[in-house]
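Comments concern the structure below.
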Amino acid sequence: MPKSPPTPLSRRDRRERTLFLVGFLAPACLVYVGFVLYPLASAIGLSAFRWRGVSAKRTFVGLQNYQRLLEDSAFLQSIRNNLWLLLVGGLATLVLALLVAHAMTGRGRVAALLRSIFLFPQVVSVVVVAVLWQFIFNPEGLLNATLRRLGLASLARTWLGDPSWALPAVGVAFVWYAVGFYVLLFSAGLQSIPQETHEAAELDGALGWRRFVTITWPLLWSVKRVAVVYLSITVMNVFALPFLMTRGGPDRASESILTYLYEQAFGFSRFGYATAVAAGNFLVVMAISLVLLFVFRRDPTEGHR
Amino acid sequence: MKRFVATSFLIAVTLAVLMPLLWVLLSSVKPSSEILGAPWGLPSMLKFENYTKAWGEAGIGRAFVNSLIITISTLLILLPIGSMAAYALAKYTFPGRNVIFGSFLGGLMFPHFLVVVPLFLLMRDLHLLDTRAGLTIVYVAYSLAFTVFVLTGFFQTLPDELREAAMLDGCGHAKVFWRVMLPLARPGLIVVGLFNAIGLWNEYGLALVLMNSEENRTLPLGIANLTMTQQYQSDWGALFAGLVIVMVPVLIVYWVFREKIHETMLAGAVKG
């Protein structure tokens, strides 16, 4: 049926439509503007003040807070810790997830079951994850007990109290927590690779590892781009794991940018400076995301799919 | 041979994921002294008092009720206002539409910590700090971006002809929504609601900043607090029972709706 040209709305209809739209959009927009956009806008201004939250003593310091950031060794340490987590923990997460997803191809219902199980750590509260791993790494905890039982008592240590092990321990908890989501992501990507591609590869004698390198890996390109950007945002925003497992200690060995922000804001009431920390983190995350998007910009499957 | 390697690898990973969770379950019925003393051992006796202790003395029962009230009231506000906005954005063109949709979309990308200080100050000035109503409204605000984004996509898939037919029958714009479109959107609403419910039930960061008194604590706060108070009493049994109390409802909901939840997780991730 040919579509009839839209009849011009009468004035009354138009008013009715406008009233309807305003009424339907207003509640969500008001809440959103009031509690999300307004604080976001005031964050920019806030970071230009030295302010302890008492309105009388609010000193304008311009960009000084940002300047201080660059000389603040604790802040720089926390950035280094986050970057270490991103490089080591993030890479471990991706590699592990890719291997799992690859090992699961062609296993139908078992694969679906395993995917669901691997997401358990992601579905339970991150508080549960943190407390659980705190007890695994406890000096009398599950890990040391296992080492002692295996006759490796010399390897046992106070993991979370050891400056060289606290951050890796947080990293292990992170991988355990995060890996299931990337398995899901990669499996979805692998399922989108047409069966014919796999069959054609098989006819050409490409099997196992070779098939993985020549077909699976390149075809997963766009999924990898989503994964690395998403992962870097997640890692740069870790808070609950280090906060609950180590409080950022010992001696800031596992301090993350957000645990440092929390300390500055809610431990010392340095609200202006803490907001500058937040903005600094945001800039770092943006920079990382842009670099990653640039690195992963070209789709190698383009042209010869 | 290759298949054998792959299978063993998958078994190892599955054990690595499940063992810690099963360990929590096992420890939750152990006498406190055996949780760290003999972490691998089976309990010498089943100590279900851990649960009554966690629920009562340790304050987990109260935290459970708080979490339930806050999660449900958030959804009761979020779903109606979110779906109304999503419907208007999906089915109508009007000046400012792209700006509104764009600012919701932007809310998906920016991390919440960026606003945590100004949000804290705002809530303080509104005298909403440490109140369940305050946390609820904040939860509504910070769940809106995702909810509007997913529901707009959902409403766009519903045929326009239905709306037009209902309008010809003399229904007003709002009536078409409540009578025709919203019932059709029920599957989408259920998934978005469950997905939000899991996230809200587990939420820690905002609750930590905005709530502090014992009587208003949500479950994640209650658990985190227990790890500190019990440090001095070494009563770990109640803590592990508390962990189970937080985990189990979420895992049940997740298991029942896992396929739908996976889809939503992927939709949320591919947004960027």
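We name chains A, B, ... by the order of the sequence lines, and we start the count at 1 in each one.
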Open item on the list: Taking atom NZ as the centre, does B:Lys91 end up with more than 12 heavy-atom neighbours from other residues, nucleotides or ligands that are less than 6.0 angstrom away?
Closed with: yes
Among [options], who wins on heavy-atom pairs under 4.5 Å with chain A?
options	result
B:Ile198, B:Ile137, B:Leu221, B:Leu78	B:Ile137
B:Trp255, B:Tyr87, B:Phe120	B:Phe120
B:Val138, B:Leu208, B:Leu21	B:Leu208
B:Ile100, B:Leu251, B:Ile223, B:Val248	B:Leu251
B:Gly106, B:Pro220, B:Gly82	B:Pro220

Is [X] in contact with chain A via its backbone, its side chain, both, or neither, using a 4.5 Å heavy-atom distance?
X	result
B:Leu126	side chain
B:Val246	side chain
B:Ala16	backbone
B:Phe104	both
B:Val24	side chain
B:Ile261	neither
B:Thr7	both
B:Thr147	neither

Student check: side-chain heavy atoms of [X] and [Y] closer than 4.5 Å:
X	Y	result
B:Leu119	A:Val36	no
B:Asn202	A:Val124	no
A:Val131	B:Phe240	no
A:Leu119	B:Met265	yes
B:Trp201	A:Ser125	no
A:Phe135	B:Leu243	no
A:Leu46	B:Leu121	yes

Does any backbone or side-chain atom of [X] lie under 4.5 Å from a heavy atom of chain B? Answer side chain, backbone, both or neither.
X	value
A:Val31	both
A:Thr18	neither
A:Ile117	both
A:Tyr32	both
A:Leu244	side chain
A:Ala28	both
A:Tyr262	side chain
A:Arg148	neither
A:Ile233	neither
A:Leu261	side chain
A:Leu132	both

Looking at every non-hydrogen atom in both residues, tell me the closest pair between [X] and [Y] and how far apart they are.
X	Y	value
B:Thr93	A:Arg17	O-NH2, 2.9 Å
A:Gly23	B:Met84	O-CE, 3.8 Å
B:Tyr142	A:Pro39	OH-CG, 4.4 Å
A:Leu142	B:Trp23	CD1-NE1, 3.5 Å
A:Phe266	B:Val209	CZ-CG1, 3.3 Å

TODO: Can you label the angle between the B:Tyr92 ring and the A:Phe20 ring as parallel, tilted or perpendicular, going by 30° and 60°?
DONE: tilted
Say you draw a straight line from [atom1] of [X] to [atom2] of [Y]; how long is it, rounded to the nearest 0.5 Å?
X	Y	atom1	atom2	result
B:Leu144	A:Phe35	CG	CZ	11.5 Å
A:Leu25	B:Phe94	CG	CZ	4.5 Å
B:Trp236	A:Glu140	CH2	CD	12.0 Å
B:Phe177	A:Phe24	CZ	CZ	5.0 Å
A:Phe181	B:Leu266	CZ	CG	6.0 Å
A:Phe239	B:Tyr204	CZ	OH	6.0 Å

Partner chain B: residue of [options] with the largest heavy-atom pair count (under 4.5 Å):
options	answer
A:Ile136, A:Asn281, A:Val179	A:Asn281
A:Ser116, A:Ala43, A:Ala145, A:Gly272	A:Ser116
A:Asn138, A:Val110, A:Leu184, A:Thr275	A:Leu184
A:Val128, A:Leu96, A:Val229, A:Leu37	A:Val128

Open item on the list: Closer than 3.5 angstrom, by distance alone: can the side chain of A:Trp133 be matched with the main-chain N or O of B:Pro20 as a donor-acceptor pair?
Closed with: no
Open item on the list: Please check this pair: side chain of A:Tyr38 against backbone of B:Leu122, looking for a donor-acceptor N/O pair closer than 3.5 Å.
Closed with: no
